[in-house]
2 protein chains.
Amino acid sequence: MSNGHSGQRFGGESLLFLTDEQLRQGIEAMFFAYRGFTADPDRILAEMAYGRAHHRAIHFINRAPGTTVNNLLSILGVTKQSLNRVLRTLIGDGLVESRVGTVDKRERHLFLTEQGHALEATLSDAQRARMRSAFKDAGPEAVQGFKQVLEAMMDADMRRAYTKMRETGS
Amino acid sequence: MSNGHSGQRFGGESLLFLTDEQLRQGIEAMFFAYRGFTADPDRILAEMAYGRAHHRAIHFINRAPGTTVNNLLSILGVTKQSLNRVLRTLIGDGLVESRVGTVDKRERHLFLTEQGHALEATLSDAQRARMRSAFKDAGPEAVQGFKQVLEAMMDADMRRAYTKMRETGS
DNA sequence: AGTTTAAGTCAGCGTTGTTGACATTCCAAG
DNA sequence: CTTGGAATGTCAACAACGCTGACTTAAACT
């Protein structure tokens with residue numbers, strides 16, 4: 001499997017960036033960076049009775065208003081019971097509105113209320129600020145590489161959801 | 001804060017990679033990619049009574065053998081009680097050995113046992129395989145950008161731990 | 001001798017994930 | 001019309017893994 005020599009020259013092409021040591025660095029970079037990635041929203045959410053799951057739900061409802069519960073489920077990759085618990089509190093607190101579908105009345109379409117938009121903006125601003133700072137420090141070429149590697153790291157399902165969102169957005 | 005126009009040309013320099021839309025893509029890429037990043041080890045761990053926290057502990061004990069509990073605490077960024085619960089099971093199951101310090105007998109130095117190394121290798125192989133595939137698909141320049149952005153996304157403490165590990169390694 | 005530090009432990013709590021079982025509502029096919 | 005399946009929601013129970021607070025033990029520092 002892992003021979004520790006995958007980075008030696010092979011067939012005349014330098015593969016030094018594929019050594020186990022380089023891969024380990026990538027793994028640790030992901031670990032530490034993800035902590036930074038979630039740190040700012042987590043701080044804000046901790047003051048309320050909310051957690052990261054609420055943030056994710058709010059993010060994707062804002063991103064795709066009117067999405068059904070099932071669709072949100074497949075994007076978030078959790079069980080319906082887990083999501084339902086989160087949605088129940090958000091709806092109860094007046095941050096999310098659930099409208100019965102017109103063509104299929106079994107479906108519930110989810111929307112952010114004014115209050116929900118306010119929280120979404122607060123959380124997004126914090127997270128974007130860090131991302132913007134990181135992008136700025138690293139430069140445009142680095143950002144392109146960053147996105148390429150992340151996309152290559154996704155499962156096929158996730159990549160489909162990601163690219164679909166990318167097309168829909170702006 | 002976020003005006004949605006930060007990507008317009010400014011001072012003759014193209015900052016199109018800093019639009020809110022670009023930042024949002026980066027945020028969603030991180031979210032989806034992290035799921036892929038943890039998916040393979042999670043599958044393996046789910047078969048045992050272990051979780052992600054056990055993986056992290058094993059990873060860094062392997063990475064810095066003989067590390068003290070306090071040091072591991074600051075790397076992982078959790079409370080002593082949280083880490084202790086994980087360490088107790090790992091020591092009890094014979095995956096980790098805790099040796100009393102020779103110079104300072106209050107300290108406990110942590111090491112992987114043979115069994116611990118076996119699990120570490122299994123988990124690492126799975127995680128590295130995905131990282132290797134992603135790196136290979138994206139290419140060396142993309143990998144460099146990936147690491148640059150991630151490092152810029154870390155908190156100062158994390159960046160210090162990350163770069164320190166990077167120097168120690170290889 | 002007194003204080004601080006490292007580590008471990010116990011009790012309790014919150015968020016977020018999981019399964020399993022079950023009710024409701026609605027659409028669609030027989 | 002009845003029946004089966006799909007979408008949704010709810011209840012109960014549980015596990016992983018964060019957290020705080022309080023407390024003990026042992027060793028080191030001052």
Side-chain angles (χ1 to χ4, degrees), chain A residues 31 34-35 38-39 41-61 66-93 96-110 123, chain B residues 31 34-35 38-39 41-61 66-93 96-111:
Chain A
F31 170 66
Y34 197 77
R35 284 253 294 284
T38 57
D42 279 358
R43 252 190 299 276
I44 296 167
L45 291 158
E47 295 171 8
M48 324 180 185
Y50 296 142
R52 216 174 276 179
H54 298 85
H55 181 194
R56 291 197 282 256
I58 287 175
H59 174 96
F60 285 107
I61 292 173
T67 184
T68 63
V69 173
N70 251 1
N71 184 37
L72 196 52
L73 233 48
S74 69
I75 291 171
L76 295 175
V78 297
T79 58
K80 90 187 145 164
Q81 293 88 335
S82 233
L83 176 58
N84 192 259
R85 177 171 38 197
V86 167
L87 284 180
R88 212 185 319 159
T89 68
L90 290 175
I91 292 169
D93 294 353
V96 168
E97 191 191 349
S98 167
R99 295 184 206 155
V100 175
T102 49
V103 314
D104 186 338
K105 291 177 189 169
R106 289 170 302 181
E107 295 180 343
R108 303 299 143 88
H109 299 272
L110 304 168
L123 296 171
Chain B
F31 169 67
Y34 196 77
R35 283 253 295 284
T38 57
D42 279 358
R43 252 190 299 276
I44 296 167
L45 290 158
E47 296 172 7
M48 324 180 186
Y50 296 142
R52 216 173 277 180
H54 298 84
H55 181 195
R56 290 196 283 257
I58 287 175
H59 174 96
F60 285 107
I61 293 172
T67 183
T68 63
V69 173
N70 252 357
N71 186 37
L72 196 53
L73 234 47
S74 70
I75 290 172
L76 295 176
V78 297
T79 58
K80 161 179 77 158
Q81 294 89 331
S82 238
L83 176 57
N84 193 259
R85 178 171 36 194
V86 167
L87 282 181
R88 212 184 320 163
T89 69
L90 290 175
I91 292 170
D93 294 352
V96 167
E97 191 190 348
S98 167
R99 296 184 205 153
V100 174
T102 49
V103 315
D104 188 335
K105 292 177 188 169
R106 289 173 305 180
E107 296 180 340
R108 303 300 142 86
H109 299 272
L110 303 169
F111 300 88

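Below, chains carry the letters A, B, ... as their sequence lines are ordered, and counting in each starts from 1.
The nearest pair of heavy atoms linking A/Leu76 to B/Arg35 is O-NH1, 3.0 Å.
One atom, CG of A/Leu90, and another, P of D/dG9, lie 13 Å apart when rounded to the nearest Å. In this structure, A/Arg88 places its CZ atom 7 Å from C1' of D/dT10, rounding to the nearest Å. Between the CG atom of A/Leu87 and the P atom of C/dT15 there is a distance of 16 Å, given to the nearest Å. Remark: C1' of C/dT15 and CG of A/Leu45 are 11 Å apart, rounded to the nearest angstrom. If you measure from atom NZ of A/Lys80 to atom C1' of C/dG17, you get 16 Å, rounded to the nearest angstrom. One interatomic measurement links the two molecules: CD1 of A/Ile58 to C1' of C/dT16, which rounds to 15 Å at whole-angstrom precision. With rounding to whole Å, A/Arg99 atom CZ is found 18 Å from D/dT8 atom C1'. The separation between B/Gln81 atom CD and D/dC17 atom C1' is 12 Å, rounded to whole Å.
Residue B/Val100 is classed as having no contact, given no heavy-atom separation below 4.0 Å to the nucleic acid. Within 4.0 Å (heavy atoms only), B/Arg52 reaches sugar-phosphate atoms of the nucleic acid but no base atom. Across all strands, B/His54 comes closer than 4.0 Å only to sugar-phosphate atoms, never to a base (heavy-atom distances).
Both A/Tyr50 and A/Asp104 lie near DNA chain C, and the one whose nearest nucleotide falls closer to the 5' end is A/Tyr50. Nucleotides of DNA chain C nearest to A/Gly51 and A/Lys105 differ in position, and the one nearer the 5' end is that of A/Gly51.
Ring-plane geometry between A/His55 and A/His59 is classed as perpendicular, the angle between the planes exceeding 60 degrees on a 0 to 90 degree scale with a lower cut at 30.
Below the 3.5 angstrom threshold, one finds a donor paired with an acceptor across the side chain of B/Arg85 and the base of D/dG18. Counting atom types as modelled, A/Arg106 pairs no side-chain N or O with a base atom of D/dG9 as donor and acceptor under 3.5 Å.
Phosphate contact (OP1/OP2 of D/dT10, side-chain N/O of A/Asn84, threshold under 4.0 Å): present. Phosphate contact (OP1/OP2 of D/dA6, side-chain N/O of A/Asn70, threshold under 4.0 Å): absent. The phosphate of D/dG9 has OP1 or OP2 within less than 4.0 Å of a side-chain N or O from A/Arg108. For the OP1/OP2 pair of C/dT18 and a distance below 4.0 Å, the side-chain nitrogens and oxygens of A/Thr79 include at least one atom meeting the criterion.
Distances from the side chain of A/Ser82 to the nucleotides D/dG18, C/dT18, C/dG8 place C/dT18 closest.
With respect to B/Arg99 and B/Glu97, a salt bridge is recorded, a charged nitrogen being found less than 4.0 Å from a carboxylate O.
The closest side-chain heavy-atom distance from B/His54 to B/Thr89 is below 4.5 Å.
Ring to ring, A/Tyr34 and B/Phe31 are not that close: their centroids are 6.0 angstrom or more apart.
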